[in-house]
*Asks:* 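Below: one structure in structure tokens.
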Amino acid sequence: MGNIRAAAVADVSRIAEIMVFNYRLNFYPFFRNDPFYFAELNVLDMAREFADDLGGVYIYDDGIVKGFIRVEGKLLEKLYVEPQFQSQGVGAELLAYATDVLGADHLWALEYNTRAQAFYKRHGFELTGEKTVEDEWVPLLKMAIKKER
């Protein structure tokens, strides 16, 4: 976990870029909301939001910022990896840092994103059966670290 560090203001444009591209890649195919994904959601505004609040944000940086997490209490709020660096262990390392170092024990996954759900299941999470809807149209499923039986 030596490649993970707290995010700094100098990282916000890269964090925003990773998040915007992931939103477009993972969410746009389901919601097809052009005005949101290609106008309202943009790197500049997202970078400003992160610059205002980097609390709980950690990045994977091996010379290149390849991904990030945001943890709020025990909630893993965000985990995104640059698409070109996915399936190379970056997400697994970020997730381990979130759970083992920061104490995160649950998250909300997009109901349609079965790839993300499978990733979390491989790393010790399970669906709890709880559901919610964010922003009136985004269905989310709660996942939590498996309890020892």
Side-chain angles (χ1 to χ4, degrees), residues 1-127 132 134-135 137-146:
M1 290 188 234
N3 292 323
I4 298 175
R5 63 172 173 81
V9 172
D11 302 313
V12 299
S13 64
R14 185 70 182 113
I15 292 167
E17 181 181 39
I18 291 169
M19 187 163 163
V20 167
F21 288 154
N22 269 278
Y23 265 58
R24 288 176 181 160
L25 183 68
N26 295 311
F27 302 154
Y28 177 78
F30 300 107
F31 301 114
R32 300 279 181 196
N33 183 336
D34 291 5
F36 175 75
Y37 288 100
F38 297 99
E40 185 177 334
L41 179 69
N42 65 75
V43 173
L44 184 58
D45 288 343
M46 189 65 58
R48 286 183 183 131
E49 285 182 35
F50 277 103
D52 289 342
D53 181 13
L54 279 172
V57 179
Y58 295 82
I59 61 171
Y60 181 101
D61 180 359
D62 64 358
I64 302 293
V65 175
K66 294 181 176 178
F68 76 95
I69 53 173
R70 173 172 253 159
V71 175
E72 180 82 28
K74 293 195 172 287
L75 172 66
L76 174 57
E77 188 178 289
K78 299 186 184 323
L79 187 161
Y80 292 105
V81 175
E82 176 71 41
Q84 288 80 358
F85 300 117
Q86 291 178 1
S87 300
Q88 297 177 18
V90 174
E93 195 167 326
L94 284 164
L95 183 57
Y97 192 88
T99 58
D100 300 347
V101 176
L102 302 176
D105 65 5
H106 68 283
L107 58 93
W108 291 92
L110 178 65
E111 183 174 7
Y112 309 130
N113 194 343
T114 55
R115 182 173 183 227
Q117 292 171 41
F119 167 78
Y120 293 122
K121 286 178 183 177
R122 284 192 310 274
H123 294 280
F125 283 75
E126 63 186 353
L127 292 167
T132 191
E134 184 177 77
D135 297 329
W137 53 284
V138 181
L140 302 172
L141 304 175
K142 187 173 184 180
M143 298 186 78
I145 292 177
K146 290 181 189 175

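Remember, it's a predicted structure, so these values are computed and weren't measured experimentally.
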*Asks:* Decide yes or no on side chain to side chain contact (heavy atoms under 4.5 Å, CB included) for Gln84 and Lys66, but give the supporting numbers first.
*Replies:* CA-CA 9 Å; Gln84 288 80 358; Lys66 294 181 176 178; over 6 Å; no

*Asks:* What are the two closest heavy atoms between Ala47 and Ser13, and how far apart are they?
*Replies:* CB-CA, 4.1 Å

*Asks:* Around atom CG of Leu127, are there more than 12 heavy atoms of other residues, nucleotides or ligands at under 6.0 Å?
*Replies:*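 Yes, the 6.0 Å shell around CG holds more than 12 heavy atoms from other groups.
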
*Asks:* Can you give me the closest heavy-atom contact between Tyr58 and Leu94, atom names plus distance?
*Replies:* O-CD2, 4.3 Å

*Asks:* Holding to salt bridge (charged side-chain N to carboxylate O under 4.0 Å, His left out), I want the full list of residues that pass it with Arg70, two or more places apart in sequence or in another chain.
*Replies:*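 Arg70 satisfies salt bridge (charged side-chain N to carboxylate O under 4.0 Å, His left out) with Asp53 once adjacent residues are dropped.
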
*Asks:* Would you please classify the geometry between the Phe68 ring and the Tyr80 ring as parallel, tilted or perpendicular, with 30° and 60° separating the classes?
*Replies:* tilted

*Asks:* With side chain to side chain contact (heavy atoms under 4.5 Å, CB included) as the criterion, how do Lys142 and Thr132 come out once you've worked through the C-alpha distance, each side chain's angles and the decisive distance to 0.1 Å?
*Replies:* CA-CA 8 Å; Lys142 187 173 184 180; Thr132 191; over 6 Å; no

*Asks:* Nearest 0.5 Å, please: how far is CZ in Phe21 from CG in Leu41?
*Replies:*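 Atom-to-atom, Leu41:CG and Phe21:CZ are 10.0 Å apart.
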
*Asks:* With a sphere of 6.0 Å drawn around CD of Gln88, does it hold more than 12 non-hydrogen atoms of other residues, nucleotides or ligands?
*Replies:* yes

*Asks:* Tell me every residue that passes ring-ring contact (aromatic ring centres under 6.0 Å, His included) with Phe85, counting only those two or more places apart in sequence or in another chain.
*Replies:*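 In terms of ring-ring contact (aromatic ring centres under 6.0 Å, His included), with neighbours along the sequence ignored, Phe85 is linked to no residue.
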
*Asks:* For Phe119 and Arg115, what are the C-alpha separation, side-chain angles and deciding distance, and is it a side chain to side chain contact (heavy atoms under 4.5 Å, CB included)?
*Replies:* CA-CA 6 Å; Phe119 167 78; Arg115 182 173 183 227; 6.0 Å; no

*Asks:* Any donor and acceptor pair, going by atom type alone, linking the side chain of Asn42 with main-chain N or O of Glu40 inside 3.5 Å?
*Replies:*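 Yes; at least one donor-acceptor contact below 3.5 Å.
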
*Asks:* If you take all heavy atoms of Tyr37 and Tyr23, which pair is closest and at what distance?
*Replies:* CE2-O, 3.7 Å

*Asks:* Centroid separation under 6.0 Å, is that true for the rings of Phe36 and Phe27?
*Replies:* no

*Asks:* Does the Asn22 side chain pair with the main chain of Val81, one donor and one acceptor, at a distance under 3.5 Å?
*Replies:*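 Yes.
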
*Asks:* With sequence neighbours left out, what residues match Asp11 under salt bridge (charged side-chain N to carboxylate O under 4.0 Å, His left out)?
*Replies:*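 In terms of salt bridge (charged side-chain N to carboxylate O under 4.0 Å, His left out), with neighbours along the sequence ignored, Asp11 is linked to Arg5.
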
*Asks:* Partners of Phe30 by ring-ring contact (aromatic ring centres under 6.0 Å, His included), sequence neighbours excluded?
*Replies:* Tyr112

*Asks:* Determine the minimum heavy-atom distance between Leu110 and Gln117, stating which atoms define it.
*Replies:*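 Result for this residue pair: O-NE2, 3.1 Å.
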
*Asks:* Roughly how far, to the nearest 0.5 Å, is NE2 of His123 from CG of Leu79?
*Replies:*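 Those atoms lie 9.5 Å apart.
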
*Asks:* Looking at every heavy atom in both Glu93 and Ile4, which two are closest together, and how far apart are they?
*Replies:*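 Closest approach of Glu93 to Ile4: O-CD1, 3.4 Å.
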
*Asks:* On a heavy-atom basis, which atom in Asn3 and which in Tyr60 lie closest, and how many Å separate them?
*Replies:*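 Minimum heavy-atom separation between Asn3 and Tyr60: ND2-OH, 3.1 Å.
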
*Asks:* Mind checking what makes salt bridge (charged side-chain N to carboxylate O under 4.0 Å, His left out) contact with Glu17, not counting sequence neighbours?
*Replies:*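 Applying salt bridge (charged side-chain N to carboxylate O under 4.0 Å, His left out) to Glu17 gives Arg14.
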
*Asks:* Using modelled atom types and a 3.5 Å cut-off, is there a donor and acceptor pairing between side-chain atoms of Arg24 and backbone atoms of Phe38?
*Replies:*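 Judged by distance alone, no pair lies under 3.5 Å.
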
*Asks:* Tabulate below the donor-acceptor pairs under 3.5 Å that side-chain atoms of residues 97-108 make, not counting sequence neighbours, or state none.
*Replies:*
from   : atom 1 : to    : atom 2 : distance (Å)
Thr99  : OG1    : Leu95 : O      : 3.1
Thr99  : OG1    : Ala96 : O      : 3.3
His106 : ND1    : Lys74 : O      : 3.3

